[in-house]
Every structure is written in C-alpha cells, then in structure tokens.
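Inspection log for the structure reproduced underneath, given as structure tokens.
Note: hydrogens, waters and symmetry copies are ignored here, and every other heavy atom, side chains too, is used. In each ligand, atom 1 is the first atom listed, and ligand 1 is the first ligand listed.
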Amino acid sequence: MDRKVRKAIIPAAGLGTRFLPATKALAKEMLPIVDTPTIQYIIEEAVASGIEEILIITNSNKHSMENHFDTSYELESRLAASGKHDQVKQIRDIANLANIYYIRQKEPKGLGHAVLCAKSFIGDEPFAVLLGDDVVVNKGGEPSLKQLISAFDKKSASVVGVQTVQKEEVFKYGIVAPSASHLPEGRLVKLTSMVEKPAVEEAPSQLAVLGRYILTPEIFELLETQETGAGGEIQLTDAIKRLMDMQAVYAYDFEGIRYDVGDKFGFIKATIDFALDREELKEKVEAYIKELAKEV
Ligand code: UTP
C-alpha cells in the first residue's frame with residue numbers, strides 16, 4: 001500500500017435540509033461566503049495540504065459545481081474584451097486548482113455510503129475526507145487537513161480531526177472516546193470508541209469530529225457491510241468504530257477557527273468574519289456593525 005495521502009474525497013450529495021429553500025436546486029456547497037462558494041475554500045485547503053486528486057461525490061442537483069471548476073471560455077472572452085484581465089485570471093485559476101473528478105451518489109443514504117462511492121477511485125491507499133459543512137481558518141498556521149496528514153505520517157493509522165464542543169451540542173456530532181483523559185502526545189490521542197450524535201448524557205467526551213478525516217483503505221470493506229445507524233443512514237462514524245477492532249485510530253485536536261457553515265447561524269458568522277478579513281470590505285462592515293450595536 002502507498003502510505004502517502006494523495007487523494008481526497010469531498011462528499012457533497014447531502015440534501016442540505018437546514019438550508020432550504022436555497023438548496024432546492026443549488027448544492028449547499030455552492031452557497032458563497034462573501035463571493036466564493038464554500039467548496040472552493042475546501043478545495044483550496046486540500047491543495048494547500050498537498051492533495052493532488054480530488055473526487056467530489058455529487059447528486060443530480062450539482063451541475064453548478066462541475067461548471068464552477070471548469071473552464072468558461074465565453075465568460076473569459078467577454079471579460080477579456082472589456083479589459084477585465086484580473087478577473088480573467090481569477091476565474092481561470094479556479095479551473096486550474098486541482099485534478100477534480102465527480103461521481104454521483106444515486107440515493108442520499110448517508111455519509112458512510114457517500115464515502116463508499118469513492119472505493120475504486122481511492123484503491124489501496126490512505127485518503128482524506130473533507131466536509132463542506134466545516135470551513136476552517138488557521139491564519140498564519142498550517143491548514144487543518146495538513147495537520148492531520150502530519151499526524152497520519154507519524155502513526156500510519158487513521159486520524160479524525162476533532163475540537164471540543166459545548167456539552168449541550170454533542171448530539172449534533174460524531175463524538176470520540178479518547179484512551180486518556182488528557183491528550184498525551186500534544187494534540188494526538190488514540191481512540192477506544194466513537195458514537196454518532198449521542199444524547200448529552202451518553203457522550204463519551206466533548207471532542208467532536210469536525211469534517212476532516214484521514215482514513216486507511218480498510219474502511220471500504222467495513223462500509224460495504226455497514227448497517228444503517230443514526231437517522232436511518234449508513235454512518236461513517238459506525239464504520240470507523242469497527243475499524244478500531246482491526247487497527248489503531250487516532251484523534252487530532254486541530255488548530256484553527258472552525259465555522260459550521262451547514263448551519264444558518266454558523267454561515268452568518270463565517271460571512272461576517274470573512275468580510276472583516278477583506279481589505280475592500282473591512283471598513284464598511286465594521287462601520288455597519290458599530291451602527292447596529294447601538295440599536296441592540
Ligand atoms: P449532513 O449530515 O450535514 O447532511 O451531511 P446534509 O443533508 O448535507 O445537510 P442537512 O443536515 O440536511 O442540512 C454531512 C456531509 O455528508 C454529505 C453532505 O453533503 C455533507 O457534506 N452527505 C450526506 C452525502 O454526501 N450523502 C449523504 O447521503 C448524506
């Protein structure tokens with residue numbers, strides 16, 4: 001088995017029910033934070049982490065994604081004709097970001113089922129999974145996926161990216177059971193178990209899996225036999241829990257601010273913070289927030 005993480009999967013075939021009606025005809029991964037679709041931030045993170053090939057798992061609603069990462073000759077020539085050369089470069093760069101492939105998940109049977117759709121693309125190598133719901137910013141530091149890849153390089157074992165969430169929020173996430181109450185190797189800890197969306201009183205910790213995984217290919221044989229779990233879906237968490245019976249699985253408490261952009265409030269927070277980080281918008285947005293603050 002090739003032990004280098006070269007490939008990534010981005011499952012983007014969910015129904016996005018928390019964002020209806022926008023997601024009736026548009027993939028939630030195409031919703032823009034300021035002016036850039038969420039999935040572009042995710043792909044930029046994967047590329048900055050050394051990933052060479054990316055498979056996006058889509059459904060029948062996702063043509064806009066394929067078009068976004070393709071060349072648009074008509075748009076380019078119109079922009080060029082009106083002298084907008086910076087914008088020509090901007091949209092051309094998007095098409096050259098990475099080698100991107102697509103496959104359809106024919107039915108939304110859950111994240112575990114979506115990952116299984118990538119089996120033949122991945123073959124016998126370790127790979128990354130990134131979810132568009134979790135956008136992570138680590139200004140001046142390493143991208144969250146790169147931190148996980150470094151942990152994988154140390155252990156040659158699957159690593160899930162975690163951060164601490166509030167106790168009353170554990171029911172929204174996959175929650176891990178660490179083998180020690182502190183993280184003995186800096187931010188890295190071996191796991192004994194994992195549970196998807198536990199009730200507050202049943203959660204083994206407050207460490208939640210937040211949309212970044214490095215998995216060994218043995219996960220596919222487990223996903224093939226995985227029964228439906230929470231929400232009647234085939235859960236990736238359940239298969240990773242079974243993987244722990246075969247080989248070590250670690251959690252890495254990654255550095256960075258994570259935005260839950262699959263949730264409306266998380267999306268609004270990301271929009272404000274990203275706007276405050278843009279030279280051309282910062283002053284206006286700050287002034288507007290100050291104005292609003294007077295009224296609340
Ligand atoms: P979510 O649990 O956030 O589901 O999936 P969702 O349907 O996208 O969103 P809501 O909760 O209905 O608003 C987590 C990730 O797994 C993908 C989603 O696209 C998302 O990135 N997913 C989920 C699939 O690709 N296929 C599925 O069958 C389910």
Side-chain angles (χ1 to χ4, degrees), residues 8-33 37-46 54-66 68-69 100-119 121-122 127-136 144-145 160-163 165 169-175 194-198 208-213 215 219-220 223-224 226-240 258-268 270:
I9 307 174
I10 303 179
L15 295 177
T17 48
R18 284 169 294 167
F19 257 104
L20 281 168
T23 46
K24 188 178 172 202
L26 187 72
K28 84 173 157 187
E29 292 77 9
M30 284 302 291
L31 296 176
I33 303 173
T38 323
I39 193 158
Q40 190 178 323
Y41 293 110
I42 302 290
I43 287 184
E44 286 168 353
E45 178 186 330
I54 297 170
L55 179 71
I56 304 180
I57 319 284
T58 62
N59 64 21
S60 56
N61 243 347
K62 313 257 167 157
H63 295 298
S64 55
M65 253 184 302
E66 299 184 6
H68 184 73
F69 294 108
I100 303 177
Y101 305 86
Y102 303 87
I103 192 168
R104 277 194 191 186
Q105 183 189 18
K106 294 188 184 74
E107 273 180 86
K109 289 188 192 166
L111 176 59
H113 181 258
V115 170
L116 181 57
C117 295
K119 185 178 178 219
F121 172 80
I122 297 296
F127 62 98
V129 179
L130 300 101
L131 302 188
D133 281 351
D134 295 299
V135 171
V136 184
S144 58
L145 188 70
V160 297
V162 297
Q163 281 191 342
V165 297
E169 304 245 291
V170 289
F171 72 94
K172 295 185 188 169
Y173 300 99
I175 300 291
M194 205 167 158
V195 51
E196 185 63 28
K197 299 189 172 65
V209 181
L210 299 176
R212 301 289 183 275
Y213 310 72
L215 296 170
I219 196 74
F220 291 118
L223 285 170
E224 274 169 340
Q226 187 60 52
E227 287 173 9
T228 53
E233 295 189 331
I234 296 175
Q235 296 291 353
L236 182 60
T237 301
D238 295 340
I240 297 175
R258 165 258 176 184
Y259 297 92
D260 178 6
V261 296
D263 168 76
K264 281 178 217 169
F265 183 52
F267 190 85
I268 291 165

Handout entry: Electrostatic pair D133:R18 at N-O distance under 4.0 angstrom
Key = yes

Practice task
Nearest 0.5 Å please: distance from the CE atom of M194 over to the OG1 atom of T237.
Solution key: 4.0 Å

Practice task
Count the heavy atoms of every other residue, nucleotide or ligand shown that sit under 6.0 Å from NZ of K119, and state whether that count exceeds 12.
Solution key: no

Handout entry: Q235: partners by side chain to side chain donor-acceptor pair (under 3.5 Å), with sequence neighbours left out
Key = none

Fill in the blank from the handout: Minimal heavy-atom distance between F127 and I9, with the atoms involved, is CE1-CD1, 3.4 Å

Exercise for the section: Report all protein residues having a heavy-atom distance below 4.0 Å to some atom of ligand 1; order the list by chain, then number. Expected result: P11, A12, A13, G14, L15, G16, T17, R18, K28, E29, Q105, P108, K109, G110, L111, A114, D133

Handout entry: Any F69 side-chain heavy atom under 4.5 Å of I43 side chain
Key = yes

